[in-house]
A.B. asks: 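My structure is below; once you've seen it, I'll send some questions.
Every chain is numbered from 1 and lettered A, B, ... according to where its sequence line falls, protein lines coming before strand lines.
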Protein chains: 2
Amino acid sequence: MAKIKDVAKLAGVSPACVSLALNGKPYVSAKTKKRIYNAIEQLNYRPNIIARSLRNKKTHTIGLVLSDITNPFFPEIARGVETKAREYGFNVILCNTDADPLLEKNYIEVLLAKQVDGLILTSVRIMDDLDKYTKENCPLVFINRKPPLSDFDFVGIDNVASAKMAVEHLIKLGHRKIALIRGEPASWASFSRYEGYRMALKEAGIPYSDNLVKIGYLRYESGYRAMESLLKGSPIPTAIFCANDIMALGAIDACVDRKVKVPQDLAIVGFDDIWVASLKNVQLTTVHQPRYEMGAKAVELMVERIIGKRKKTKRVILPTKLVIRRTCGANFKISRGKWPNL
Amino acid sequence: MAKIKDVAKLAGVSPACVSLALNGKPYVSAKTKKRIYNAIEQLNYRPNIIARSLRNKKTHTIGLVLSDITNPFFPEIARGVETKAREYGFNVILCNTDADPLLEKNYIEVLLAKQVDGLILTSVRIMDDLDKYTKENCPLVFINRKPPLSDFDFVGIDNVASAKMAVEHLIKLGHRKIALIRGEPASWASFSRYEGYRMALKEAGIPYSDNLVKIGYLRYESGYRAMESLLKGSPIPTAIFCANDIMALGAIDACVDRKVKVPQDLAIVGFDDIWVASLKNVQLTTVHQPRYEMGAKAVELMVERIIGKRKKTKRVILPTKLVIRRTCGANFKISRGKWPNL
DNA sequence: TTGTACGCGTTATCAA
DNA sequence: TTGATAACGCGTACAA
């Protein structure tokens with residue numbers, strides 16, 4: 001591989017001059033520029049960005065730490081991050097942690113050692129000792145995850161209000177026995193949605209019952225099992241709010257297996273609005289989360305920090321909206337068997 | 001940030017000695033090692049991997065170039081790549097190209113400039129001038145994409161045989177008017193599946209008709225429109241093979257809108273076996289592709305190259321299997337309205 | 001426009 | 001055997 005020296009020699013100038021030309025700095029005459037570019041072309045020269053990074057203390061690389069890219073919640077966030085990062089000239093290192101705090105810690109250490117310019121964290125579980133990273137000169141941005149005590153930048157939604165909105169919708173449809181399949185307690189977002197659920201019930205004067213709350217782990221199987229448990233329990237709910245869509249899909253499948261009709265026998269509302277929810281054979285009512293925008297916004301916050309444009313921490317709350325489809329029964333005006341397809 | 005010099009000073013040794021200790025090289029006494037580790041701990045020292053990479057000419061970073069991580073086909077590949085890469089001590093830079101050859105080229109150039117140790121390419125479209133990268137000391141591995149003339153490593157499936165298997169299944173079920181919603185012509189995998197389709201028809205003595213072949217772009221909307229077009233055309237098929245699952249889902253939704261019953265009126269088979277396909281309200285018959293394994297295997301091939309263990313190019317063909325569910329009608333023994341849900 | 005020091009570890013050479 | 005010194009990887013920035 002050709003180096004800057006080779007280019008300089010061929011163009012009859014110094015390496016420094018080549019560097020200036022390459023970086024668009026002034027004080028390089030048009031003529032020498034041309035000679036330099038010719039040399040670059042001839043030698044197929046490509047600057048070694050590692051060397052440049054070492055000198056500049058900027059790698060133009062950021063880390064994206066998430067639980068699992070195969071979870072349908074994450075790809076759009078990743079896409080938002082990657083696209084916006086590309087606009088700003090950054091590359092993205094993808095890290096799956098499976099919500100394992102140890103793996104997450106290891107990844108953060110490696111990324112810092114690799115001198116990433118910023119870090120976006122959107123794993124689910126809470127890791128408590130992130131505070132020590134405040135002193136690093138590497139900005140952290142949290143997506144939909146409770147930032148630790150020290151103030152880090154944050155992008156997310158109002159989980160409490162969004163969950164409340166979903167449950168209120170079910171209440172408005174006449175439901176009083178509304179169950180919740182919530183995420184694990186350690187997750188801040190899950191806890192907030194639980195709060196929203198309770199708040200909605202309280203304001204409607206509906207008593208809260210622990211029997212109607214099941215803990216899932218934000219996965220399909222959890223939703224399936226939680227629903228089985230609810231159907232065996234007492235009282236049997238007439239509606240269910242799930243803390244995310246894939247649990248809702250699991251719950252629906254449990255209903256299918258037990259011949260419980262959705263939404264006739266049971267209304268279901270999810271959370272996230274993953275792509276599947278809109279399929280005509282699914283039509284899951286859910287709370288839409290602007291995941292792409294969350295990823296993109298996180299990068300913007302990060303870049304503001306990197307270029308030193310902003311010192312104060314910033315919290316961005318993006319709007320959600322309730323997407324009413326079939327499974328909540330709001331638009332349910334059909335008779336049995338009218339559905340053309342399964 | 002503390003540097004190796006600081007550690008050396010605190011431990012009362014030379015930087016070289018610290019380096020030797022850190023890298024587990026011999027000739028550092030146990031005592032000095034202890035002193036060094038203590039100093040590292042005290043200073044919270046973290047080696048600068050950029051500096052190390054510059055010297056070692058190894059970044060322990062690889063690039064993963066794909067079309068779009070939000071396409072359900074890719075996350076499992078990415079997961080396989082990331083997990084296996086982590087095992088071997090590599091990080092993964094994620095690159096979405098939207099199947100744009102120019103974007104792909106830009107990304108490859110940037111990644112090479114960043115001195116990645118390897119590159120995994122799994123965009124859909126074919127870029128012809130990849131040959132020039134043979135001379136780089138950066139191994140390329142192709143996933144499910146025709147490698148260019150020069151031999152690069154490859155991981156994929158037998159697209160022809162797999163598609164043939166799917167169509168043969170429909171033939172066995174008694175179908176003769178079998179349509180194909182294929183991917184774009186520029187895609188090698190799509191073309192291979194088209195060949196498999198033709199081959200199955202030919203062997204069964206069924207005449208091929210251009211009217212029964214629609215070109216989609218591997219996206220939901222394409223599948224939807226292709227199906228609309230088929231339903232308006234002549235002859236109307238009794239079965240459809242789609243080159244991927246999301247087009248199949250689009251096709252199914254077009255059927256729902258037009259009150260065409262699947263599989264009663266029309267059998268549908270997809271390709272990929274994305275997660276959605278197994279939902280009880282979807283139950284798409286499809287060809288399973290081991291995507292996680294494809295990603296993991298690609299990393300293995302890459303690492304063999306990086307450590308120089310192998311010189312000859314290798315092609316790995318992983319097995320596929322037909323997953324028979326509801327939409328092909330094979331197990332269809334129910335009467336209308338019997339489905340418990342939707 | 002150029003020479004040169006620098007960024008920070010690593011490795012080859014050399015000394016003890 | 002153990003450790004230090006210095007050159008090196010490759011671009012960039014500053015003084016000249």
Side-chain angles (χ1 to χ4, degrees), chain A residues 1-37 39-40 43-61 89 109-110 112-117 136-138, chain B residues 1-37 39-40 43-61 89 109-110 112-117 136-138:
Chain A
M1 244 343 13
K3 326 179 219 190
I4 202 168
K5 254 193 200 168
D6 306 316
V7 174
K9 202 175 293 174
L10 185 59
V13 293
S14 70
C17 192
V18 176
S19 176
L20 292 177
L22 264 176
N23 295 301
K25 302 271 169 77
Y27 305 126
V28 183
S29 77
K31 271 179 220 163
T32 45
K33 249 185 209 165
K34 199 149 288 175
R35 283 217 313 284
I36 289 170
Y37 287 133
I40 287 174
L43 296 173
N44 222 321
Y45 171 69
R46 190 186 294 126
N48 181 328
I49 295 190
I50 294 297
R52 179 183 291 172
S53 297
L54 178 59
R55 178 72 224 218
N56 290 348
K57 294 171 170 293
K58 288 256 168 335
T59 54
H60 290 276
T61 302
E109 286 293 330
V110 169
L112 290 174
K114 286 206 169 175
Q115 315 294 117
V116 292
D117 294 337
E136 309 279 343
N137 60 342
C138 171
Chain B
M1 242 346 8
K3 325 181 218 190
I4 202 169
K5 252 192 202 170
D6 306 316
V7 175
K9 202 175 293 174
L10 185 60
V13 294
S14 71
C17 192
V18 176
S19 176
L20 292 177
L22 264 175
N23 296 302
K25 301 273 171 74
Y27 306 127
V28 182
S29 73
K31 274 180 218 162
T32 46
K33 249 185 207 165
K34 199 148 286 176
R35 283 216 313 285
I36 288 171
Y37 288 133
I40 286 175
L43 296 172
N44 222 319
Y45 171 68
R46 191 187 293 127
N48 181 329
I49 295 191
I50 294 297
R52 179 184 292 171
S53 297
L54 178 59
R55 177 72 222 215
N56 290 348
K57 293 171 172 293
K58 288 255 169 335
T59 54
H60 290 276
T61 302
E109 286 294 329
V110 169
L112 290 174
K114 285 205 170 175
Q115 315 293 119
V116 292
D117 294 337
E136 309 279 343
N137 59 342
C138 171

A.B. asks: Donor-acceptor pair, distance only, cut-off 3.5 Å: does the side chain of Lys25(B) make one with the backbone of Cys17(B)?
C.D. replies: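 The answer is no, because no donor-acceptor pair under 3.5 Å joins these two groups.
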A.B. asks: Need one value for Lys5(A): base, sugar-phosphate or nothing, where a base atom within 4.0 Å counts as base even if backbone is also close, heavy atoms only.
C.D. replies: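 The answer is nothing, as Lys5(A) stays clear of every strand by at least 4.0 Å.
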A.B. asks: Side chain of Tyr45(B), heavy atoms from C-beta onward: which of dG9(C), dT11(C), dC10(D) has the nearest atom to it?
C.D. replies: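 Closest of the options to the side chain of Tyr45(B): dG9(C).
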A.B. asks: Checking all strands, does Thr32(A) fall into the base, sugar-phosphate, or nothing category for heavy-atom contacts under 4.0 angstrom?
C.D. replies: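 Sugar-phosphate, no base atom in range.
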A.B. asks: Using modelled atom types only, decide if a donor and an acceptor are shared between the side chain of Thr59(B) and the backbone of Ser53(B) within a distance under 3.5 Å.
C.D. replies: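 Judged by distance alone, no pair lies under 3.5 Å.
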A.B. asks: Looking at every strand, decide which applies to Lys25(A) at a 4.0 Å heavy-atom threshold: base, sugar-phosphate, or nothing.
C.D. replies: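 Sugar-phosphate contact only - Lys25(A) comes under 4.0 Å of backbone atoms but never of a base.
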A.B. asks: Could you check which of dG9(C), dG7(C), dA4(D) has an atom nearest any side-chain atom of Lys57(A)?
C.D. replies: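 Given the options dG9(C), dG7(C), dA4(D), the side chain of Lys57(A) is closest to dG7(C).
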A.B. asks: Tell me if a side-chain donor or acceptor on Asn23(B) pairs with a main-chain N or O of Ser19(B) at a distance below 3.5 Å.
C.D. replies: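 Judged by distance alone, yes, a pair lies under 3.5 Å.
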A.B. asks: For the side chain of Leu20(A), starting at C-beta, report the closest nucleotide among dC10(D), dT2(C), dA12(C).
C.D. replies: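 The closest nucleotide is dT2(C).
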A.B. asks: Go through dG3(D), dT2(C), dT10(C) for me and flag the one nearest to the Val28(B) side chain.
C.D. replies: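 My answer, after comparing the listed nucleotides, is dG3(D).
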A.B. asks: Kindly point out which of dG3(C), dT10(C), dT11(C) is positioned nearest to the side chain of Ile4(B)?
C.D. replies: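 Out of dG3(C), dT10(C), dT11(C), the nucleotide with an atom closest to Ile4(B)'s side chain is dT10(C).
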A.B. asks: Quick one: which of dT2(D), dG9(C), dG11(D) gets closest to the side chain of Asn48(B)?
C.D. replies: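 Looking only at side-chain atoms, Asn48(B) lies closest to dG9(C).
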A.B. asks: Taking the side chain of Arg55(A) as its heavy atoms from C-beta onward, which of dG11(D), dT10(C), dT1(C) lies nearest to it?
C.D. replies: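 For Arg55(A), the side-chain atoms sit closest to dG11(D).
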A.B. asks: Side chain of Ala51(A): nearest nucleotide among dT5(D), dG11(D), dT10(C)?
C.D. replies: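 Among the listed nucleotides, the one closest to the side chain of Ala51(A) is dG11(D).
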A.B. asks: Quick check for you: among dC10(D), dG3(C), dC8(C), whose closest atom lies nearest to any side-chain atom of Ser14(A)?
C.D. replies: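 When the side chain of Ser14(A) is considered, dG3(C) is the closest of dC10(D), dG3(C), dC8(C).
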